Amino acid sequence: MDPNSDLEMLMARYQQGDFSAATALIYRLSPQLHRFFAVQFASRGDADDLLQETWLRIHQVRHTYRAGEPVLPWFYAIARHIRVDHYRKASRTRGREERLEDVHEAQAPPGPGGAPNLEALLAPLPESQREVIEMLKVAGMSLEEVARATSSSVGSVKQKAHRAYERLREQLSGVGLSEGRTGDVREG
């Protein structure tokens with residue numbers, strides 16, 4: 001019997017709600033998918049996280065698999081998208097970190113040992129804005145993730161982040177919050 005047809009049969013059963021078939025797929029394919037990620041990333045932790053994210057995504061989109069089609073390419077297409085998304089997110093995060101470090105070195109109040117003190121920089125912000133900035137920029141969460149974590153809408157998260165960025169820019173440039181404004185700056 002062709003091992004791939006066995007995988008296709010397991011996938012068809014998984015789509016029909018047989019979670020023992022899902023367990024069998026996980027045991028059979030996880031080592032291969034883990035190697036797929038481990039080759040790209042030096043960190044075993046990253047490979048573990050990407051594997052877990054892949055299985056979560058497979059579970060979410062299992063209804064899109066067409067019975068009778070080869071199942072391995074379908075799994076690897078999902079894994080590849082997870083890997084690309086991770087690479088893009090990591091690149092964006094590294095890019096932002098470099099720019100923030102440059103700004104903090106030049107203008108943030110120094111912390112212990114002369115290092116920039118992020119807490120002091122964010123301290124003047126209202127709690128809701130500080131929380132959003134920490135989740136977006138420090139934890140690297142997406143807007144949607146922050147919205148879920150704070151039980152608010154994506155629009156609300158964007159607004160809080162925008163207001164926080166505005167205050168931080170003013171603080172870093174040495175301009176007071178009320179200078180150059182005709183209205184009040186309200187907490188978001």
Side-chain angles (χ1 to χ4, degrees), residues 14-15 17 19 22-23 25-26 29-30 32-65 74-105 108 111 115-172 185-188:
Y14 177 34
Q15 284 181 308
F19 291 105
T23 302
L25 283 169
I26 291 169
L29 294 175
S30 286
Q32 287 176 249
L33 292 171
H34 193 271
R35 277 191 301 276
F36 176 74
F37 294 124
V39 167
Q40 187 78 20
F41 300 100
S43 165
R44 179 183 169 97
D46 282 345
D48 292 346
D49 290 346
L50 292 173
L51 179 64
Q52 181 176 4
E53 191 173 335
T54 299
W55 284 113
L56 288 172
R57 180 87 47 91
I58 286 168
H59 181 71
Q60 292 169 344
V61 300
R62 68 188 180 278
H63 66 279
T64 64
Y65 170 71
W74 186 81
F75 279 113
Y76 275 92
I78 292 169
R80 183 187 163 281
H81 284 107
I82 296 289
R83 186 174 69 181
V84 168
D85 289 349
H86 176 78
Y87 175 77
R88 287 178 181 157
K89 184 177 180 181
S91 295
R92 283 191 309 266
T93 302
R94 278 192 302 272
R96 280 190 234 121
E97 287 171 349
E98 291 170 7
R99 286 194 302 270
L100 285 175
E101 287 172 359
D102 293 344
V103 169
H104 290 171
E105 286 175 11
N117 187 343
L118 183 61
E119 286 180 25
L121 188 63
L122 298 179
L125 296 176
E127 177 61 31
S128 63
Q129 292 176 5
R130 185 171 48 248
E131 177 183 55
V132 165
I133 293 300
E134 287 173 349
M135 286 183 190
L136 286 171
K137 300 302 178 185
V138 178
M141 295 169 69
S142 71
L143 289 169
E144 292 79 12
E145 291 169 332
V146 174
R148 275 193 299 271
T150 59
S151 300
S152 58
S153 68
V154 171
S156 174
V157 171
K158 286 181 179 181
Q159 183 181 45
K160 289 174 186 175
H162 174 74
R163 288 180 179 171
Y165 298 149
E166 206 171 59
R167 285 182 178 220
L168 289 171
R169 267 193 296 278
E170 289 172 347
Q171 180 183 343
L172 291 172
V185 175
R186 295 182 207 146
E187 179 180 334

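Given the structure is predicted, the values throughout are model-derived calculations rather than measurements.
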Any idea how Phe19 and Tyr14 line up, ring-wise: parallel (<30°), tilted (30 to 60°), or perpendicular (>60°)?
perpendicular
Is the number of heavy atoms from other residues, nucleotides or ligands under 6.0 Å of Gln52 CD greater than 12?
no
Within the structure provided, determine whether Leu51 and Phe36 are in side-chain contact (heavy-atom separation under 4.5 Å).
no
State, yes or no, whether a side-chain contact exists between Leu25 and Trp55 at a heavy-atom distance under 4.5 Å.
yes
Report the distance from atom CG of Leu143 to atom OG of Ser153, rounding to the nearest 0.5 Å.
10.5 Å
Do you know which two heavy atoms are closest between Pro124 and Gln171, and how far apart they sit?
CG-OE1, 3.7 Å
Any heavy-atom pair between the side chains of Lys158 and Val154 that's under 4.5 Å?
yes
Roughly how far apart are His81 NE2 and Glu53 CD, rounded to 0.5 Å?
13.0 Å
side-chain hydrogen bond (donor to acceptor under 3.5 Å, both in side chains) involving Asp49 - partner list, sequence neighbours excluded:
none
Are Arg148 and Glu144 side-chain neighbours, meaning at least one heavy-atom pair lies under 4.5 Å?
yes
Provide the closest heavy-atom pair for Ala123 versus Arg130 in the form atom of the first, atom of the second, distance.
O-NH1, 3.2 Å
Looking only at heavy atoms, which two atoms of Val157 and Ser152 are closest? And how far apart?
CG2-OG, 3.6 Å
Is the shortest side-chain heavy-atom distance between Lys89 and Ser142 below 4.5 Å?
no
Heavy atoms only: give me the nearest Arg57-Ile78 pair and the separation to one decimal.
CG-CG2, 3.7 Å
Restricting to non-hydrogen atoms, name the atom on Arg163 and the atom on Gln129 that form the minimum distance, rounded to 0.1 Å.
CB-NE2, 3.4 Å
Thr54 and Phe75: CA distance, side-chain angles, deciding distance, side chain to side chain contact (heavy atoms under 4.5 Å, CB included) verdict:
CA-CA 9 Å; Thr54 299; Phe75 279 113; over 6 Å; no
Heavy-atom pair of closest approach, residues Thr64 and Gln15:
N-NE2, 4.5 Å
For Tyr165, ring-ring contact (aromatic ring centres under 6.0 Å, His included) partners two or more places apart:
none
Going by distance alone, is a donor N or O of one side chain under 3.5 Å from an acceptor N or O of the other, for His59 and Arg62?
yes
Does the side chain of Leu33 reach to within under 4.5 Å of the side chain of Tyr76, using non-hydrogen atoms?
yes
Heavy-atom distance under 4.5 Å between the side chains of Leu168 and Leu122, does that happen here?
yes
For the residue pair Leu172 and Leu121, establish whether any side-chain heavy-atom pair is separated by less than 4.5 Å.
yes
